[in-house]
Amino acid sequence: MPSRNWKEFLSSELEQIEAGHRLRTRRVIELSPVIELSPVIDLSPGIEQSPVVDFGSNDYLGLRSHPDVLDMLRSATSGSAWGAGASPVLSGYSPAHLSLERCLAELSQTESALVFSSGYACNVGVVASLATTGDLILSDQLNHASLIDGCRLSRATTTVYPHGDVEFVRKVLERVRQRYARVMILTESVFSMDGDAAPLAELVDLAEQFDGGLVVDEAHAVGVYGDHGGGLLEQLDLQTRVLAKLGTLSKAVGCVGGYVAGCNSLIEFLVNRCRSYLFSTAAPPHSLAVAEKAVQLLRDMQDPRQQLRRRASALREMLNRRGWSVGAGDSPIIPVVVGSPERALELSQHLWGRGIYVPAIRPPTVPKESCRLRISLSTRHTSQDCQRLVDGLGG
């Protein structure tokens, strides 16, 4: 019987997590002040180790340390208050919120957008607000935890379909569509732990055929795909055919926050019904001014994003030649699946000792049998950095 004492319960749970090689720890690291070079991270004072090259960040375009972004940060924060002070439906909605939302709507080729304090709050709130009892959600097996939690909170019937399996989705809709008021198909565009792409064109066709809506999380595609960095929906010319596009400001944009883009009625509905928006203090206005500068820069970074994807393809080929099965593709997310949590931790620690940081991904993020190293490439990585990584892994 579980202990009734909270301290005993917490200690016991932590012991079990550690015994299963699933214990998370936090390394105190900081960006190198030399922003023009590789993405080097320095350990905080008092920690004895040489700086390491960071392959764990989602800062795909290097925008979090871009000189223009840092200049905007210094300008935006000089001589005024920081916090928004209230919910956006009270007094927390500022000109910076409006301006960024217009910028994101333009990037997404939609009528409107809505900014949240985090990508997690956006995903959970939007999914839970749009679907309810009597509706059906078809959710990809590898969707992010924020999408899964949104499904649970929605009270809609949720069917998890095998990863990327369009025919499974089709058969479910043919069999049960008439039982439900509304249908949502929910997927990431580029999957956060596997780096592969969803069959978006086929899914949007099914959504339209069965009078449903496709909701796409573009967190790991914005900045990396599309002529203007709008994501995979832009690259495939599908932005106007989806019910909602979910995005984040914390990955390629290099800032913090989340957003949803769609038609005017969708955004107004969420302003009135989305609990994670209504009952959260608005994001600090100055952080959104910085994010808008990053989005403006992102739109004109076609050469860097193409270079990033070429380097990702080349690194995948190098790893495959060394015997690591990482699959094909050009996403900057490259998973090296090794099986057990012990093996993933062992390889991550081995690389750390050679001055390279690659995180070990373990349950509950991925199933126990598919633990992995998750390599994240940035435009700031050089070919020498990639070669150093491959040599460090061996094979």
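These numbers were taken from a predicted model, which means no experiment stands behind them. Each residue takes its place number in the sequence, starting with 1.
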Distance in Å, [X] [atom1] paired with [Y] [atom2], rounded so as to fall on 0.5 Å steps:
| X | Y | atom1 | atom2 | answer |
| --- | --- | --- | --- | --- |
| D330 | L315 | CG | CG | 12.5 Å |
| F55 | R388 | CZ | CZ | 8.5 Å |
| L142 | T187 | CG | OG1 | 9.0 Å |
| I375 | S331 | CD1 | OG | 11.5 Å |
| L238 | K245 | CG | NZ | 11.5 Å |
| L377 | R310 | CG | CZ | 13.5 Å |

Quiz item: For F279, which residues count as a side chain to side chain contact (heavy atoms under 4.5 Å, CB included) partner, sequence neighbours excluded?
Solution: R275
Could you check if a side-chain atom of [X] sits within less than 4.5 angstrom of a side-chain atom of [Y], using non-hydrogen atoms only?
| X | Y | result |
| --- | --- | --- |
| V204 | L236 | no |
| V183 | F210 | no |
| C371 | H21 | no |
| Y259 | V253 | no |
| V338 | E346 | no |
| R309 | Y225 | yes |
| L351 | L373 | yes |
| W324 | V390 | no |

Quiz item: With E208, which residues qualify under salt bridge (charged side-chain N to carboxylate O under 4.0 Å, His left out), at least two apart?
Solution: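 With neighbours one apart ignored, the set is R241.
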When clusters are formed by joining ILVMFWY residues with side-chain heavy atoms under 4.5 Å apart, either directly or through shared neighbours, do [X] and [Y] land in the same one?
| X | Y | answer |
| --- | --- | --- |
| V224 | V216 | yes |
| I267 | V295 | no |
| L249 | M72 | yes |

Quiz item: Should we say atom CZ of R177 is surrounded by more than 12 heavy atoms from elsewhere, each under 6.0 Å from it?
Solution: yes
Practice problem: Can you sort out the partners of E18 under side chain to side chain donor-acceptor pair (under 3.5 Å), two or more places apart, ordered by chain and number? | Solution: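 Side chain to side chain donor-acceptor pair (under 3.5 Å) list for E18, sorted by chain: empty.
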Exercise. If a pair satisfies ring pair (Phe, Tyr, Trp, His ring centres under 6.0 Å) and one of its residues is in residues 97-118, list it, with sequence neighbours excluded.
Key: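 Found Y93-H97, F116-Y277.
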Practice problem: Mind running side chain to side chain donor-acceptor pair (under 3.5 Å) on S108 and Q239 for me, showing each step along the way? | Solution: CA-CA 7 Å; S108 304; Q239 298 215 86; 4.5 Å; no
Let me check something: any side-chain donor-acceptor pairs from residues 190-197 under 3.5 Å, sequence neighbours excluded? List them with distances.
residue : atom : partner : partner atom : Å
D194    : OD1  : R372    : NH1          : 3.3
D194    : OD2  : R372    : NH1          : 3.4
D196    : OD2  : H163    : NE2          : 2.6

Quiz item: Given the rule in the side chain to side chain donor-acceptor pair (under 3.5 Å) test, do H228 and E234 qualify, once you have shown the distances and angles that lead to the verdict?
Solution: CA-CA 8 Å; H228 301 98; E234 182 196 7; 3.1 Å; yes
Quiz item: Among pairs that include at least one residue of residues 276-302, which meet salt bridge (Lys or Arg N to Asp or Glu O under 4.0 Å), considering only residues two or more places apart or in two chains?
Solution: E106-R299
Self-check item: Electrostatic pair D149-R152, nearest N-O below 4.0 angstrom
Solution: yes
Quiz item: Does K171 come within less than 4.0 Å of E174, counting only side-chain N to carboxylate O?
Solution: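 The answer is no: the pair does not qualify as a salt bridge.
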Practice problem: For a side-chain contact (heavy atoms from CB on, under 4.5 Å) with Y120, tell me which candidate from S276, S250, S146 qualifies. | Solution: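 Only match with Y120 under side-chain contact (heavy atoms from CB on, under 4.5 Å): S146.
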Practice problem: Examine distances only and state if a side-chain atom of H350 and a backbone atom of G392 form a donor-acceptor pair shorter than 3.5 Å. | Solution: yes
Practice problem: Using distance alone, with no hydrogens and no angle criterion, decide if D391 and Q387 have a side-chain donor and acceptor under 3.5 Å apart. | Solution: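 Side-chain D/A pair, D391 to Q387: present.
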